[in-house]
Amino acid sequence: MKEITGHTVLTGLLGSPVSHSISPLMHNESFRHLNLDYVYLAFDTNETQMEAAVTALRTLNARGFNVTMPGKQIVAGLCDHLSPAAKICGAVNTVVNDNGVLTGYTTDGIGYMRSLNEAGLNIIGKKMTLLGVGGAATSILVQAALDGVSEISVFNRKSPSFKRAKELIAALKEYSSCKIRLFDLADEELLRREIANSAILVNATSIGMAPHTDCSVITDSSMFHKDLVVSDVIYNPRETKFLQLAKEAGCTTLNGLGMLLYQGAEAFKLWTGQDMPVELVKEKYFSNK
Ligand code: NDP
């Protein structure tokens, strides 16, 4: 490992919990490989500590940092500038510090769209059905609309997030001509109809995530059709029940590992100006087993 010196540049992660995160491994491996004098550390930071932690990183001139729950919205409010996508989402997962000026980005959606590209799947100009309106779903919705997906049908249960999603969709219309509609996830016939003419179906809810691996947001596999790409943002387990059902129905499937890898690669590029050695990182830390 490269020695830590008086010149070593600090990057890191704020959120809680963070000790399980794969980000320190991804970034430190990439710094080593490219011989960059940087280090990435995870700082367990709860909601009440978030503002003080951001002030400290700004003062100590850290190059930048990632933010995970529960800090994504709080830190968006502490940045001096926001990328267009971060502004629409009202959340950031990556901050760049230019000599005390903080710019917030949301790289999850960029990571998701790149994961499709890398898998040879082109959905630009096509229709998406998106399940969920939480953090992951919102970042995908915003980036897909900005990138030129022509139509997105979003489904969520009628919880308090439903109203918030309506407002976000209204705001997004100012930036994109994508046709976006929001529906109740409980309306199965509507869901079936929207999936029938979609090119891609995305699960961006947390249903099916470990330890609840026997759950799936869709249980009736007759909703899938063989021309459909089915993707899940979940990466633990690698193959969710949702993806298993889709695969059995003949669909092309994609798990959340690519989104995780490429959101990190985008942050890495923002901090260092260099491309993350993604093949190396993939081989070492992103086994599909
Ligand atoms: P959020 O809590 O922000 O959103 C969760 C979403 O799932 C909401 O739409 C929520 O609906 C919905 N949901 C949860 N439980 C139910 C249920 N029982 N019935 C119907 N809907 C439900 O979480 P995130 O968006 O941050 O994370 C979602 C998943 O994405 C997680 O599994 C996470 O690990 C994964 N993820 C993957 C990333 C990657 O890089 N691959 C990046 C970020 C997240 P409601 O709002 O109504 O509760």
Side-chain angles (χ1 to χ4, degrees), residues 67 69-77 79 81-94 104-116 121-207 217-218 223 228-234 242 256 259 263 266:
V67 189
M69 296 314 286
K72 291 182 168 188
Q73 283 98 353
I74 301 170
V75 175
C79 288
H81 306 289
L82 292 175
S83 71
K87 197 170 173 183
I88 303 165
C89 290
V92 302
N93 77 332
T94 302
Y105 298 84
T106 173
T107 67
D108 285 334
I110 298 173
Y112 179 76
M113 293 303 283
R114 181 164 168 199
S115 76
L116 293 180
L121 303 167
N122 178 14
I123 59 157
I124 304 307
K126 299 181 184 166
K127 174 171 172 175
M128 170 187 279
T129 293
L130 176 63
L131 311 178
V133 295
T138 301
S139 64
I140 293 172
L141 171 66
V142 170
Q143 200 61 45
L146 294 178
D147 284 0
V149 168
S150 63
E151 190 176 340
I152 306 177
S153 293
V154 184
F155 287 81
N156 203 73
R157 60 182 170 182
K158 283 265 177 97
S159 66
S161 341
F162 198 87
K163 186 168 167 273
R164 281 199 300 276
K166 234 182 200 166
E167 289 163 8
L168 182 130
I169 289 167
L172 185 50
K173 283 188 175 147
E174 273 186 44
Y175 298 83
S176 164
S177 57
C178 179
K179 181 179 171 194
I180 306 171
R181 287 173 304 162
L182 180 62
F183 301 111
D184 183 358
L185 184 59
D187 192 336
E188 289 198 14
E189 277 324 298
L190 201 51
L191 179 58
R192 181 185 297 278
R193 197 189 73 196
E194 294 305 303
I195 293 173
N197 59 10
S198 288
I200 184 165
L201 169 66
V202 188
N203 174 41
T205 73
S206 43
I207 302 171
V217 62
I218 289 180
M223 288 213 188
L228 189 68
V229 172
V230 177
S231 110
D232 203 322
V233 296
I234 295 173
F242 174 73
M259 177 176 177
Q263 62 75 31
E266 185 66 22

TODO: Take F242 and I218 through the side-chain contact (heavy atoms from CB on, under 4.5 Å) test and state the conclusion after the steps.
DONE: CA-CA 7 Å; F242 174 73; I218 289 180; 4.2 Å; yes

Just verifying a value: how many Å separate [X] [atom1] and [Y] [atom2], rounded to the nearest 0.5 Å?
| X | Y | atom1 | atom2 | answer |
| --- | --- | --- | --- | --- |
| Q263 | Y105 | CD | OH | 15.0 Å |
| T129 | R192 | OG1 | CZ | 13.0 Å |
| E167 | I169 | CD | CD1 | 10.5 Å |
| T138 | K72 | OG1 | NZ | 10.0 Å |
| N156 | R164 | CG | CZ | 9.5 Å |
| C178 | E151 | SG | CD | 7.5 Å |

Would you name the heavy atoms of [X] and [Y] that are closest together and state the gap between them?
| X | Y | result |
| --- | --- | --- |
| L130 | A204 | CD1-CB, 4.0 Å |
| A145 | I180 | CB-CD1, 4.2 Å |
| S115 | M259 | CB-N, 3.7 Å |
| F155 | D187 | CE2-O, 4.4 Å |
| R157 | D184 | CA-OD1, 4.1 Å |
| I152 | A144 | CD1-CB, 3.9 Å |

Task: Pairs involving residues 194-206, ordered by first then second residue, that meet salt bridge (Lys or Arg N to Asp or Glu O under 4.0 Å) (sequence neighbours left out) - done: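 Qualifying pairs, neighbours excluded: K127-E194, R181-E194.
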
TODO: Walk me through it: do I200 and L116 pass the test side-chain contact (heavy atoms from CB on, under 4.5 Å)?
DONE: CA-CA 10 Å; I200 184 165; L116 293 180; 3.8 Å; yes

TODO: Applying side chain to side chain donor-acceptor pair (under 3.5 Å), name anything that partners S159, two or more places apart in sequence or on another chain.
DONE: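 S159 satisfies side chain to side chain donor-acceptor pair (under 3.5 Å) with S161 only.
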
Mind checking whether [X] and [Y] have side chains closer than 4.5 Å, heavy atoms only?
| X | Y | answer |
| --- | --- | --- |
| V202 | Y112 | yes |
| M113 | V149 | yes |
| F183 | S153 | yes |

Task: Exam field: side chain S83 to backbone A86, donor-acceptor pair closer than 3.5 Å - done: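 Here the side-chain-to-backbone pair exists.
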
TODO: Identify whether the distance between the nearest side-chain nitrogen and carboxylate oxygen of E189 and R193 falls below 4.0 Å.
DONE: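 No, no charged N to carboxylate O under 4.0 Å.
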
- [ ] Kindly determine whether M128 and I140 satisfy side-chain contact (heavy atoms from CB on, under 4.5 Å), including the steps that lead there.
- [x] CA-CA 10 Å; M128 170 187 279; I140 293 172; 4.1 Å; yes

TODO: Indicate whether any N or O donor in one side chain lies under 3.5 Å from an N or O acceptor in the other, for D108 and T106.
DONE: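 Short answer, no.
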
Open item on the list: Run L131 and L191 through side-chain contact (heavy atoms from CB on, under 4.5 Å) and show every step you take.
Closed with: CA-CA 10 Å; L131 311 178; L191 179 58; 3.8 Å; yes

